[in-house]
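What follows is a single structure, written as structure tokens, with notes after it.
Note on naming: letters A, B, ... go to the chains in the order of the sequence lines (proteins, then strands), and numbering restarts at 1 for each one.
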Amino acid sequence: MAELTYREAVGAAVAQEMRRDDAVVFFGEDVAAPGGIYKATTGLLDEFGPERVKDTPISEQAIVGAAMGAAMTGLRPVAEIMYADFFAVCWDLVANQVAKTRYMTDGQCAFPLVLRCASGAGLRLGAQHSQSPENWAMAIPGLKVVAPSTPADVMGLLAASIRDPDPVIFFEQKSLYETRGEVPDGEHVEPLGVASVVRSGTDVTIATLAAMVPRALLAAETLQDRYGVSAEIIDLRCLVPLDASALLESVSRTGRFVTVEENPRLCGWGAELASIVAEEAFRALRGPIVRVTTPHIPLPSAAALEDAVLPGPDRIVDNVKRLVNLE
Amino acid sequence: MAELTYREAVGAAVAQEMRRDDAVVFFGEDVAAPGGIYKATTGLLDEFGPERVKDTPISEQAIVGAAMGAAMTGLRPVAEIMYADFFAVCWDLVANQVAKTRYMTDGQCAFPLVLRCASGAGLRLGAQHSQSPENWAMAIPGLKVVAPSTPADVMGLLAASIRDPDPVIFFEQKSLYETRGEVPDGEHVEPLGVASVVRSGTDVTIATLAAMVPRALLAAETLQDRYGVSAEIIDLRCLVPLDASALLESVSRTGRFVTVEENPRLCGWGAELASIVAEEAFRALRGPIVRVTTPHIPLPSAAALEDAVLPGPDRIVDNVKRLVNLE
Amino acid sequence: MDTQTRLKLYRTMSECRALEQRAYDVFKQNLLNGTSHLALGQEAVAAGFGAALRAEDYTFCTYRGHTHTYVRGVSMTAILGELMGRQCGLLRGKGGSMHLTSVKHGMMGSYAVVGAHLPVAVGAAWSAQYRRTGQAVVCFFGDGTPNIGAFHEALNLAVVWKLPVVFVCENNLYAEFTPTRKVTAVENPAADRAPAYGLEPILINGNDVDVVYQTAATALSRAREGRPSLIEAQTYRHSGHSRADPCKYRPPGELEAWLAKDPIPLYRERLVSLGINAADLEKIEAESKAAADQAMEEARNSPASPADVAYVDVWADGGAAWRN
Amino acid sequence: MDTQTRLKLYRTMSECRALEQRAYDVFKQNLLNGTSHLALGQEAVAAGFGAALRAEDYTFCTYRGHTHTYVRGVSMTAILGELMGRQCGLLRGKGGSMHLTSVKHGMMGSYAVVGAHLPVAVGAAWSAQYRRTGQAVVCFFGDGTPNIGAFHEALNLAVVWKLPVVFVCENNLYAEFTPTRKVTAVENPAADRAPAYGLEPILINGNDVDVVYQTAATALSRAREGRPSLIEAQTYRHSGHSRADPCKYRPPGELEAWLAKDPIPLYRERLVSLGINAADLEKIEAESKAAADQAMEEARNSPASPADVAYVDVWADGGAAWRN
Ligand SMILES: Cc1ncc(C[n+]2csc(CCOP(=O)(O)OP(=O)(O)O)c2C)c(N)n1
Ligand SMILES: Cc1ncc(C[n+]2csc(CCOP(=O)(O)OP(=O)(O)O)c2C)c(N)n1
Ligand SMILES: [Mg+2]
Ligand SMILES: [Mg+2]
């Protein structure tokens, strides 16, 4: 086991797959010579050369288009969209072209490509550089959606995403880049679509992902220590494919379901999970389904304001307490 | 009362507001001289002249940008994005700029603009000209979202949207353009954020909008006539602001909640509604919450295929039957 | 140019014409699913490029893509069947007229969002370059398209990366119902912009199939050397933008003037003046019509696509499941 | 140009320099919320345009917008306070350095998604034209920006609609850490593209404030006649792209060469050679520094923005409610 940062795990996964398969190419803005603005891909240009690792102009539509055209003709491109927010400037290519063309052509081509991005809040970058738009991607049939919380998952799931024959939108939570964790030695690949129970519990199931995982874990400690409430924390890791059975199994035991989402409230992924649980585990539910999200507002920049609006351990604890007492 | 088509109601609303307020301008691709590809805006150029009614190049980013810049400097632009699917080519302007700039600037400017579009399936136009992406807009804080089902609502809600001081995304379901209905004489404006109970019932609450409203009504007839189930149908009309209290009040009486959505399943607006009901009306629920949606697939083009995948009266009936029997 | 090539160009244009006429019948006979966009009058572009392309090259085109699909080798039956949503349809009804694609013929798709395919063509060209296959890419679009952002990004990247791609603007004067010159800052929407990407402006008569063929051949070999091109071919669509468009936006006399420049009679005259027997040409036309008629019959007789095809091939595993 | 204008230009450049130096201190002293992008070295562009604009005109700029905001009349305290997320901040911490906006000063926003503001500037110009106010719009952006689609769409529409807008590309050679020439098909990313929109190429020395001022004045009066312009001003940022960028991508000697072309000493020399007293200029510099120091003090002493401001002004009614 080596200890890597979340940031290093990104580069390690791309390098692992590039070594394994010549069809893997990597490109984006400032990713080659500069090694990425978060320095996640330093060294790739040196190791794999300028034909496989390329800097692009500020042209996100061209980047995604290039990935799509390359994927449908035999390559396995990995492209970086610098910030998740910038999917908005190339959303047609992502949501209308990449996602739908396999279906529209009756399965004539596959699109084995990965679009990775820096996502989420925590760096006080304001409303246009801090979004967590996993739900934008989840809403589009034809896209797989991955959002890891640990270095090991970054490595294993990014490798799997690169090997996957379908388009994957890979969300790296930027406030986690400096976090460290053990990563298995040797080739590391984890299957997509398997959630991880990061803490077992009996009173409430909390589904979450990425930077909200450590916050939910902190909340679980408090809930246990102060209130004797035993929370099971599920790190979803993937939203598509979704490990619905892990959720349903957990709720069937705990009888209570809470989501913790970084995105603004409306149509967040938690709503989808809530609707699955409300349909399929209704009889197991002992109380309302509660969603803890950023309120339905753009994100403010200042540290004090950003901290106030994002879900934190306290808000999670309060909501779970409210849920438990409600009965 | 005059009888108008849904299509005519669009033009009538824009004309009504342009007569009333010189600050209202209207523009888009093929909307002026040609009167719109669905002929919804024929006659506006003749009445209001080329300074107020303008054809644009195929430049959706420029269209939305122009609307934004005009709105923040004193105009009330109404712009057409020809198909709702094409919001994807200008999504940054819509979701990152128009929606968030008021908040980011601490309220220094307002954005009284309307982006109207032809949305939805029914015309066999395939995966890129048939989407119902109300949920894309609903997910973005700072956007109001309107999706009418009748000519009277088109007229009243489009007028209200034009007068509204905030950005409104106005979805016109294109298969409804030829439908007819009574529209009140004289100035007609209806408030945003008020749902309409289009059929009262006691056994189940069905929330829906746009082209799914007539289908839900047909289903309700069958449910009543064949199975003695009394369905209450709520035409949401607006998703933001959302008339949550109308929903909750209805569910408190019926104890059952179903959504009927044209969009593909994941993160549809129905998921948000389901999560609200599962949190706030949990104690009233007598059974699971059920969502009837298009499956999570892109839309096929052929008539037989499109008809197979869209929610229709039969599928609604089956789901409600299942829900009622489940107890 | 040798006679054989010329006869082939003539035959292809005739076939394209006959195909588009039958496609119009699909609409008139109420057999059309959704919409369709005909290229009647623009056949010289499809035929000229079709003849210059190698089998392994890639084509990307728009919703106005029946003829571009046909010239790559796709059968008329598969095309007409797709318009009708039949089992014999190229995409079994899942795409419709606007999305004709046949990967095995190098026809990498018809794209229905204006401009979207230009960046995708760049990607395919990059892949060809990377894989050193010698393949080239041709990407067709209309005169309204150079005003959209994706055009601009694609052209720049293609030049920066020195890709084997030829961009072809078919300037038929209109974007839907709006004359392109009314909404465009320059006179020739593509050619006048070539220098903005360090490219030479190439403005050709898109109704002269010899010119198209030769321009295509030159551009394709330049592409294979890593030098992309942007070609503007001036032409005209005889039909409406789509379906039942009555073309009220046309100034009087415009259609007639362009009918006088119809690429097919124009080429027939040239071939006759070059000594080719008029009867041979009439035979080609008759055969083209017969082929299209037969395809029309076949497509009509093909059953509607069964509903279960709607639920497959979202994912590469063939399925549509998003959860376990 | 009269001495008063020149002294004003000198003063503005000095103040911008002092402001940016304090802004860098905000970062170094760990008082920065998020990121900031300095325009050290580029002050002549902001000062030249600032002096040529009328009070009622509109400015649109990028995340590199401290100086463009300052020259429209916004206080240094409000700018520095915003960087620190303080109550005195221009946006009370809701926008941060990247979104400085002051509508009452005609500063219509700093935009953080590359290219997004160009279409918005078009809309403001259209509004000015429609309302017949005689206002003009200036829209600033960098050399990496002409490669994004929004640039292209905005330029075309501005020309087609004959709008009162001046687009200004500040070419500082880099887009973040990538030399723009490596990813751009033409040498001068904006000027070489002006003809693609029917515009005359305008390439100026962006470090010569007299040139900037005069070019701005000409372009603004042309704009008011309905003739838009695209100007490329060649300049250089002395500092990194943002925050702590060590600028490893710079070839040796490049920074030094540009420091020798620093707009402020350059202009100081010119003014002295025109007979202005060096002591007067030093006084201006001292006053500029003092003003920036005082603003820094004020901003530091301002309390952090209270959390409740985070929940207001999503909507025009001042609130954030999305439901009843
Ligand atoms: C982004 C986008 N905007 C608008 C449309 C609607 N639309 C379809 S075809 C068309 C006109 C295209 O004109 P042109 O590029 O000249 O091609 P032509 O149809 O003449 O072949 C428009 C505006 C679209 N499909 N995509
Ligand atoms: C659409 C988009 N892509 C990428 C970025 C990230 N980004 C921020 S600044 C920048 C470089 C811009 O360079 P330039 O236009 O030359 O302006 P400068 O920073 O030099 O003033 C990039 C790529 C962004 N903000 N928006
Ligand atoms: Mg055209
Ligand atoms: Mg730059």
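- Contacts of D:Pro306 with chain A are made by backbone atoms alone, with heavy-atom separations under 4.5 Å and no side-chain atom involved.
- Contact between A:Asp30 and D:Phe177 at its shortest, heavy atoms only, is OD1-N, 3.2 Å.
- Rounded to the nearest 0.5 Å, atoms CG (D:Asp143) and CD1 (A:Ile58) are 8.0 Å apart.
- The two residues D:Val314 and A:Pro298 have their closest heavy-atom pair at CG2-CD, 4.0 Å.
- Nearest heavy-atom pair across A:Leu305 and D:Ser305 is CD2-O, 3.8 Å.
- You'll find the side chain of D:Arg323 stays beyond 4.5 Å of the side chain of A:His296, heavy atoms only.
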Inset, instruction - Check the pair A:His129, D:Met98 against side chain to side chain contact (heavy atoms under 4.5 Å, CB included), reporting the backbone distance first and the verdict last. - result: CA-CA 10 Å; A:His129 285 69; D:Met98 296 201 286; 3.5 Å; yes
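- For chain A, the nearby part of D:His99 is the side chain; its heavy atoms alone come within less than 4.5 Å.
- Proximity to chain D (any heavy atom under 4.5 Å) is shown, for A:Ala33, by neither the backbone nor the side chain.
- Per-residue counts of heavy-atom pairs under 4.5 Å with chain A were compared for D:Gly85, D:Gly95, D:Ala175, D:Gly34; the largest is that of D:Gly34.
- Here the side chains of A:Pro34 and D:Thr178 are in contact, with some heavy-atom distance below 4.5 Å.
- More than 12 heavy atoms of other shown residues, nucleotides or ligands fall within 6.0 angstrom of atom CD in A:Glu178.
- Across all their heavy atoms, D:Ile148 and A:Glu60 have their closest contact at CD1-OE1, 3.5 Å.
- For a residue to count as touching a neighbouring chain, one of its non-hydrogen atoms must lie under 4.5 Å from one of that chain's; by this rule A:Leu123 touches chain D with the backbone only.
- Taking the side chain as every heavy atom from C-beta outward, D:Val113 and A:Asp85 never approach each other to under 4.5 Å.
- Closest of all the heavy-atom pairs between D:Asn147 and A:Pro57 is ND2-CB, 3.7 Å.
- Annotation: the span from A:Ile37 atom CD1 to D:Asp245 atom CG amounts to 11.0 Å, rounded to 0.5 Å.
- In this structure, chain A has no heavy atom under 4.5 Å from any part of D:Arg86.
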Inset, instruction - Evaluate the criterion side chain to side chain contact (heavy atoms under 4.5 Å, CB included) for residue pair D:Lys182 and A:Asp55; output intermediate values, then yes/no. - result: CA-CA 9 Å; D:Lys182 284 206 180 165; A:Asp55 285 317; over 6 Å; no
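- Contact annotation for A:Thr56: only backbone heavy atoms (N, CA, C, O) come within less than 4.5 Å of a heavy atom of chain D.
- Taking every heavy atom of both residues into account, A:Ala308 and D:Tyr311 meet most closely at O-OH, 3.3 Å.
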